[in-house]
Structure formats: structure tokens, C-alpha cells
Amino acid sequence: MREWVMIDLRRLLESRLSTAFAVLDPDADPVLRPSDRADFQANGALALAKRLGRNPREVAEEIRSHLDLDGVCSLVEVSGPGFINLSLDPSFLAAELAAAATDGLAVPAEGPPLRVVVDYSHPNVAKEMHVGHLRTTIIGDALCRILAYCGHEVIRENHIGDWGTPFGMLIEHLLDIGESEAAQELSVGDLTSFYRQARASFDADEDFKERSRRRVVLLQSGDEETLRLWRILVAESVGYFNEVYRKLGVTLSDDDIVGESFYNADLPALVEELRQKGLLVESDGALCVFPPGFVTREETPLPLIVQKSDGGFGYAATDLAAIRDRVGRLKADLIWYVVGAPQEQHLAMCFAVAKMAGWLGDGVIADHVAFGSVLGADHKMLKTRAGESIKLVSLLDEAVARAREALDERSSELGDEEQAAVARAVGIGAVKYADLSTERTRDYVFDWDRMLAFEGNTGPYLQYAHARICSIFRRSASARPAARPPRLDAPQERDLAVALLGLPEAVRTTVRDRAPNRLCTYLYELAAVFTTFYEQCPVLRAESAELREDRLLLCSLTAAVLATGLGLLGIEAPERM
RNA sequence: GCCCCCGUAGCUCAGUGGAUAGAGCGGCUGCCUUCUAAGCAGAUGGUCGCAGGUUCGAGUCCUGCCGGGGGCGCCA
């Protein structure tokens with residue numbers, strides 16, 4: 001484990017409070033919350049008083065008398081009907097800041113380090129990545145970075161759609177237009193027209209349809225020539241995905257690709273295992289498992305179809321094989337599926353069947369990290385099929401173009417190359433933050449101006465705060481932060497200190513709720529508190545050398561927390577903008 | 001028909017059962033000879049979809065409605 005980690009203010013106070021509450025009731029919850037009257041408030045005395053049949057203020061007072069917060073809080077008082085208000089001691093805050101400044105921003109892990117498999121992004125071969133892929137890719141990537149930061153071992157899995165019946169038609173289309181032409185089309189990312197043309201031929205041409213069906217059979221039977229053509233489709237598409245990932249600044253690489261086809265060889269054995277465990281039921285010619293609690297429209301049991309009546313395997317089979325593989329081979333403790341909310345029932349069924357088969361359980365947990373849909377102006381889901389989807393790359397390119405425009409307006413002294421790099425950081429940062437900062441499970445209506453806003457609660461606002469701090473240090477070569485605990489006399493300094501020490505809690509709750517928007521909110525509030533400080537507390541022109549050094553320490557830490565936090569979200573923190 | 005998610009300011013959204021529900025955007029008032037105005041300060045803006053219930057206390061938990069989205073056997 002790490003030698004030194006930042007203090008988690010919330011957990012420290014909670015543990016001290018629990019000790020004091022325990023004198024009256026060992027199981028009492030202090031109900032610690034942030035407060036606008038103090039730094040924190042404990043509300044637990046009210047519920048406890050009710051349970052004990054006593055006066056709440058009296059109970060609160062009694063708890064207060066048992067509280068040991070020497071050196072942590074400078075003021076603890078009972079207020080209102082029985083709230084316990086806690087104000088942190090400035091010298092305690094200062095000491096923790098100084099420690100963070102010398103020892104770094106490592107955060108304490110909650111519980112033992114785990115091996116976590118994160119399944120995200122999963123685009124489909126020969127299909128365009130559209131704005132709908134943004135959510136899984138960005139949220140999944142941020143969660144991976146955050147988990148790793150907390151000391152967990154992260155295994156990224158990009159479960160790409162590289163198998164199934166559509167490949168018959170895609171391969172036939174590839175043959176029709178010629179291999180080199182197809183490779184060209186796919187590599188430049190013109191996947192939409194490729195897929196649509198294949199689809200159009202399939203729908204319009206009986207002969208093509210028949211060839212496609214035969215091609216699927218050849219593919220599944222392992223025909224070498226067919227596999228070779230299939231590999232062209234996969235390789236060109238993956239090359240294109242990597243291009244998008246590079247633009248997006250996502251940590252996925254070829255090593256993380258574990259497509260559906262990866263499990264092909266496992267599927268017969270998987271079916272056999274289910275059969276031996278007595279879970280398999282034949283229904284209308286298909287091999288199914290009926291997990292309890294799932295019903296159809298007609299209230300009849302709903303099957304998870306493992307093997308179709310034609311002998312083929314569907315996605316349920318590969319999803320089950322993936323669970324089995326992740327637990328068996330990868331030894332995962334935890335599996336996160338960053339998958340859209342509409343697939344909730346399907347995943348719940350897979351998890352249920354995996355539990356029935358004994359693949360899940362024994363401390364292995366699979367969780368659906370669901371996210372809401374991206375909707376069009378008509379409030380319906382944006383879908384590739386409907387032809388109204390927006391290409392992910394178009395969004396990214398537009399974002400960078402708008403950021404470049406904004407930068408050019410500011411007559412910056414940056415060279416062309418750095419200007420372009422900053423434009424990328426700002427544009428992509430805006431898009432990522434716009435997505436990450438909305439509550440995960442909520443649907444949102446796609447809006448260019450919202451995704452590409454650079455003002456207010458946006459990625460660029462956070463980057464701007466960071467860049468302003470860098471500018472202070474750039475301006476003065478002699479700018480040295482204090483090596484000692486800073487005085488925190490001004491309220492803006494004190495507010496900033498409390499905000500800076502909120503990082504561990506922000507990271508912890510982000511992981512607990514698998515909610516990057518919590519980290520976004522924290523960073524936005526930190527940046528806002530900093531900006532107030534920046535407006536009202538001169539740094540380089542502070543009245544004394546000591547004050548200047550103290551404020552430089554606050555600046556330096558703020559820049560570090562912002563850069564770290566943005567990094568955890570997968571957003572760059574340029575030094576100028 | 002059944003199940004899941006969502007409903008908070010004009011718009012987009014935060015809000016772990018606690019005190020007076022918060023931001024941003026748009027609109028209104030101010031602020032760049034002073035460390036980056038992608039900023040700051042201020043004012044305005046709310047029957048938290050509706051109705052019951054649980055609770056000392058409900059935007060938050062429960063039930064029922066209304067509205068929106070999604071899912072419900074061989075597509076992924």
C-alpha cells in the first residue's frame with residue numbers, strides 16, 4: 001500500500017463522531033453532511049433522541065461532551081433542534097495542505113484493492129461510431145482511470161461486435177466492391193455508407209440475401225477464405241476505432257479488444273456445462289435458460305436463449321461466456337458493464353443465469369453501470385438505423401474547430417502548433433465534460449451548443465482556472481510556494497483549503513456511486529472557490545513575502561488537484577489557453 | 001397489458017431523510033491603466049409532475065395516478 005495518502009476529512013470526522021455516538025448507542029449513524037452553517041454538520045442526534053425518547057438538544061450536547069476532535073475542529077456547537085455543527089481548525093487544515101504539497105495527492109482506498117474488469121465502448125465492426133458511443137466510452141474510460149488511481153487493478157475490455165449474422169452481408173458487400181476499395185472505405189471511416197449499401201443490397205436483392213446466408217454458414221464453419229475477408233473488415237474497423245480513440249484521448253488500445261468472436265470456441269462447452277448443471281431447457285427448438293422472475297408480455301417465463309433453433313449462438317451466449325472468462329481466467333473480483341440502460345433486462349438475465357451456473361457469487365460481483373440514452377430533438381433515441389445519428393468524429397472535429405476559433409479571437413501569443421494542441425484539449429475537454437457531468441442514468445437531448453459550450457460549468461472553465469494558475473508561476477521565476485503550513489486568515493483562503501482537501505471524498509463517492517458527475521461537481525466547485533480567491537486575494541502582489549508564499553502554496557495545490565482531477569476524467573489541463 | 005428509468009427556475013442540469021431547494025445558460029445591473037473577462041459581484045427567477053402515506057423532519061422513502069423514454073424468445 002501507499003506510504004502516504006491525503007486525509008479524507010469526511011471519514012475522519014465520521015469515525016470520531018461514531019465513537020461519541022456509540023456511548024449512547026453502538027449502532028447510531030452520525031449522519032454527517034456538508035453544512036452551510038459550518039464546514040460539516042452531524043444530524044444523527046435527532047433520530048437517536050427519538051429512539052431513546054429523549055430531548056434532542058440534550059442528546060446532542062451529551063454526544064458533544066464525548067467528542068474528541070482536538071486538533072481537528074476549532075468549534076463544535078449544538079444548533080437548532082439538535083444539529084452538531086463542526087468547524088475545522090485552520091491550523092489542522094494548513095498542516096494537511098502542507099503535507100499534501102510535499103507528499104502528493106494520493107487518496108486512500110476504500111477497502112482492499114480489487115481486480116476490476118471494465119467492459120466499455122464496444123463499437124460494432126463496420127458500423128460508424130456515433131454520439132451514442134460517447135457515453136460508454138467516456139464514462140468507462142474515466143472510471144478506469146479513477147479505479148486505478150485508488151489502487152485497484154483495472155482490466156479494460158472492449159467487447160467489440162465482430163461476429164454474428166450481419167457479417168454474411170458485410171463480407172458479400174466487400175466482395176462486390178472489391179477488397180482494396182472496401183479497405184479504403186473502411187479505413188477512412190466511411191462506415192455508414194458501407195453498412196448501408198450492404199443493408200440495401202440485402203433488402204433489395206434476393207440473390208445477395210442468399211449469398212449472405214451462405215456466407216454466414218461459411219464464416220461459422222471456419223472457412224479460411226471467409227475468415228480472411230472477415231479479418232479485413234475487423235482490422236480496418238479497429239484501425240478506424242483507434243483513430244477515434246486517439247482524437248478522443250481514450251486509454252483503450254488493441255490489447256483491450258476482446259470481441260464477441262473471442263468466445264466462439266468456448267460456446268459449445270458453455271452450453272454443455274449449462275446442460276450438465278440441469279439449467280438448459282429446449283423451447284421451440286432453442287436451448288434456453290429460464291431465470292426466475294423474468295416474464296414475457298404474456299406473463300410466461302422469459303428465456304435467455306443460449307443457442308438458437310438453427311444451432312447458431314446469439315449474444316446471450318457470448319455474454320455468458322464473457323462472464324465465465326472474466327471470473328475464471330481473469331480472476332475478476334468485480335465486473336462493471338458500462339452499457340446503456342435499455343439493456344438492463346438482458347444483463348440482469350445474464351447475471352442471474354451466471355449465478356445459477358455458479359460463475360458469479362463467492363464474492364465476485366457484476367454490475368450494470370447503466371447510462372441514459374442520447375435523444376434527438378424529437379426526444380427519441382438517436383439511432384444509426386434511423387439515419388439521424390451524428391458521427392462521433394463530426395462532433396469531435398466541430399468541437400476542436402470551435403475551440404480554435406475561440407482561441408484565435410483571443411489573439412494569443414501561442415505558436416500555431418501549441419494553439420492547435422490547446423484547441424484540441426479545450427474542444428475535446430468540453431465534449432467529455434458535458435457528457436461526464438450529467439447524471440449517468442439520465443437521458444439527455446443532444447444539443448450542439450450545450451456539448452460545445454466553453455463558459456459556465458464546463459470543461460474549459462476548469463481548464464481556464466488551471467491555466468490562470470500556471471500563468472502566475474510563469475510570470476514570476478522567483479515564485480516559490482511556502483514549505484510550511486500556510487496561514488489561512490482570509491475567508492477565501494480558508495474556503496479554498498477546505499475545498500482542496502475534499503479530493504479524497506470526491507474520488508471515494510465517485511467510485512462508490514460509479515458516478516463521474518460527482519467528481520465533475522467537486523472540481524467545478526473547487527474551481528469556483530479558487531476563482532473567488534483569485535479575484536480577491538492578490539498572489540504575486542500580496543502585502544508580504546510570507547503571504548505571497550502561502551498563497552502560492554494554495555495556487556500550486558489547486559493546480560495540482562485540478563490537473564489530477566481532470567486527468568481522472570480523461571481531460572487535459574493545458575498550461576495556457 | 002406487465003416491468004425498468006426519468007419528471008426540480010424560461011432552457012440545460014446538480015442535489016448521499018435534515019435548517020432558507022442550488023449551479024450554469026438566456027434576460028437585467030455593475031466590474032478589464034491591477035496575477036488570463038473562457039472571468040467576477042449583484043438582483044431576478046420554484047405549488048421540486050399530481051394526490052395520498054411513512055417520519056420529529058420528504059425534492060429524496062412507500063402507494064396510486066399523469067406525462068416522456070425504453071424493454072418485454074431466437075437482432076446486438
Side-chain angles (χ1 to χ4, degrees), chain A residues 31-37 41 43-44 46-47 49-50 56 79-83 85 122 124 161 163-166 260 283-288 294-310 312 314-316 318-319 340-346 348 370 372-373 375 379-381 403 406-407 409-410 412 426 430 434 437-439 441-445 447 449-450 453-458 460-461 463-465 467-476 479 509 512-513 517-518 520-521 524-525 528 531-532 534-542 551 555 576-577:
Chain A
V31 193
L32 186 67
R33 299 285 182 268
S35 177
D36 47 358
R37 315 277 179 109
Q41 62 182 61
N43 305 329
L46 285 96
K50 179 71 182 170
S79 161
F83 301 111
N85 290 346
H122 40 250
N124 290 315
W163 203 255
T165 45
E260 293 171 340
S283 173
D284 296 336
L287 298 177
C288 310
F294 296 90
V295 292
T296 66
R297 209 182 294 251
E298 289 79 28
E299 307 270 309
T300 57
L302 180 67
L304 189 68
I305 296 170
V306 181
Q307 191 165 12
K308 298 185 286 182
S309 53
D310 67 0
Y315 60 105
T318 45
D319 283 343
Q343 290 197 53
E344 185 180 86
Q345 188 182 49
H346 166 69
S373 309
L375 309 178
H379 282 240
K380 305 242 170 162
M381 278 178 73
L407 275 166
E409 277 170 17
R410 277 160 236 271
S412 153
V426 171
S437 62
T438 64
E439 208 273 328
T441 59
R442 208 175 151 113
D443 295 350
Y444 69 76
V445 175
D447 175 30
D449 291 335
R450 181 182 149 266
F454 299 152
E455 286 161 20
N457 186 357
T458 63
Y461 176 85
Q463 293 171 320
Y464 186 61
R468 285 169 122 182
I469 299 171
C470 292
S471 171
I472 290 177
F473 284 99
R474 206 163 39 238
R475 247 164 208 286
S476 170
T509 55
R512 183 195 64 199
D513 299 338
N517 72 302
R518 290 198 174 274
C520 293
T521 300
Y524 175 68
E525 280 167 5
T531 306
T532 301
Y534 180 87
E535 294 282 336
Q536 296 180 37
C537 301
V539 179
L540 294 177
R541 278 183 301 277
R551 288 181 174 167
C555 286
R576 306 169 195 248
M577 59 185 279

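Values below: every heavy atom of this structure, side chains too, minus hydrogens, waters and symmetry copies. Residue numbers begin at 1 in each chain, while the letters A, B, ... track the order of the sequences.
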Establish whether the base of A19(B) is bridged to the side chain of S79(A) by a donor-acceptor pair shorter than 3.5 Å. yes

What's the gap between C61(B) and C48(B) when it is taken at their C1' atoms, as a whole Å value? 16 Å

Side-chain N or O of R33(A) closer than 4.0 Å to phosphate OP1/OP2 of G18(B): yes

Counterpart base for A41(B), defined by Watson-Crick or G-U wobble contacts under 3.5 Å: U29(B)

My understanding is that a pair needs two contacts under 3.5 Å, Watson-Crick or G-U wobble. By that rule, which nucleotide pairs with A76(B)? none

Map S309(A) and P34(A) onto RNA chain B by nearest heavy atom, then report which one ends up closer to the 5' terminus. P34(A)

Please determine if a side-chain N or O atom of R518(A) lies less than 4.0 Å away from the OP1 or OP2 oxygen of U16(B). yes

Both distances under 3.5 Å, Watson-Crick or G-U wobble: report the partner of U47(B), or none. none

Verify, without hydrogens or angle tests, whether S471(A) (side chain) and A467(A) (backbone) share a donor-acceptor contact under 3.5 angstrom. no

Hunt down the Watson-Crick or G-U wobble partner of A19(B), both distances under 3.5 Å, from any strand shown, or write none. none

Is K308(A) near enough to C75(B) that one of its side-chain N or O atoms lies under 4.0 angstrom from OP1 or OP2? yes

Do N85(A) side-chain and A19(B) base share a donor-acceptor contact under 3.5 Å? yes

G7(B): pairing nucleotide in any strand, Watson-Crick or G-U under 3.5 angstrom: C66(B)

With side chains defined as the heavy atoms from C-beta onward, is the minimum distance between D319(A) and E260(A) less than 4.5 Å? no

Spacing of the C1' atoms in A37(B) and G22(B) (rounded, Å): 24 Å

When you compare G71(B) with A76(B), how far apart are their C1' atoms, in angstrom units rounded to a whole number? 14 Å

Check whether any side-chain N or O of T532(A) sits under 4.0 Å from OP1 or OP2 of C40(B), and answer yes or no. no

Do the side chain of Y464(A) and the base of A38(B) come within less than 3.5 angstrom through a donor-acceptor pair of N or O atoms? no

Whole-Å P distance, G7(B) and A43(B): 29 Å

Between atom CD in E525(A) and atom P in A14(B), what is the gap in whole Å? 14 Å

Using a 4.0 Å heavy-atom cut-off, does A47(A) contact any base of the nucleic acid, only the sugar-phosphate backbone, or nothing at all? base

Give the nucleotide from the list A14(B), C74(B), C40(B) with an atom nearest to the side chain of A286(A). C74(B)

Could you tell me whether T521(A) contacts a base, only the sugar-phosphate backbone, or nothing, with contacts defined as non-hydrogen atoms closer than 4.0 Å? sugar-phosphate

Considering every strand shown, what is the Watson-Crick or G-U wobble mate of A14(B) when both distances are under 3.5 Å? none

Starting from the 5' end of RNA chain B, give me the residue, P301(A) or T318(A), whose nearest nucleotide shows up first. P301(A)

Is G59(B) paired to anything, Watson-Crick or G-U wobble with both distances less than 3.5 Å, and if yes, which nucleotide? none

Taking only N and O in the side chain of R442(A), is any of them less than 4.0 Å away from OP1 or OP2 of G7(B)? yes

Strictly distance-based, threshold 3.5 Å: is any side-chain N or O of S476(A) a donor or acceptor partner for the main-chain N or O of I472(A)? no

Does R474(A) put a side-chain nitrogen or oxygen below 4.0 Å from OP1 or OP2 of U36(B)? no

If I pick the P atom on G70(B) and the same atom on C28(B), what distance separates them, to the nearest angstrom? 38 Å

I want to verify the glycosidic state of C65(B); is it syn or anti under the 90° rule? anti

Give a yes or no on whether a donor-acceptor pair under 3.5 Å exists between the nucleobase atoms of A19(B), that is its base, and the side chain of Q41(A). yes

Under 3.5 Å, side chain of R450(A) to main-chain N/O of A434(A), donor-acceptor pair present? yes

Exam field: side chain D443(A) to backbone S373(A), donor-acceptor pair closer than 3.5 Å: yes

Taking atom P in both C25(B) and G42(B), what distance in whole Å separates the two? 14 Å

Please state whether the phosphate of C11(B), meaning OP1 or OP2, lies under 4.0 angstrom from any side-chain nitrogen or oxygen of Y444(A). no

Taking any heavy-atom pair under 4.0 Å as a contact, classify F83(A): base, sugar-phosphate, or nothing. base

Output the rounded distance in Å from NZ (K50(A)) to C1' (C56(B)). 6 Å

S283(A) side chain near P303(A) side chain, heavy-atom distance below 4.5 Å: no

Find the distance F294(A):CZ to C74(B):P and express it as a whole number of Å. 17 Å

I469(A) CD1 - G39(B) P separation (whole Å): 15 Å

What is the distance, to the nearest angstrom, from the CG atom on L302(A) to the P atom on G71(B)? 14 Å

How far, in whole Å, is C50(B) from G59(B) if one measures between their P atoms? 11 Å

Please state the C1' separation for the pair G45(B) and G26(B) - nearest whole angstrom. 12 Å

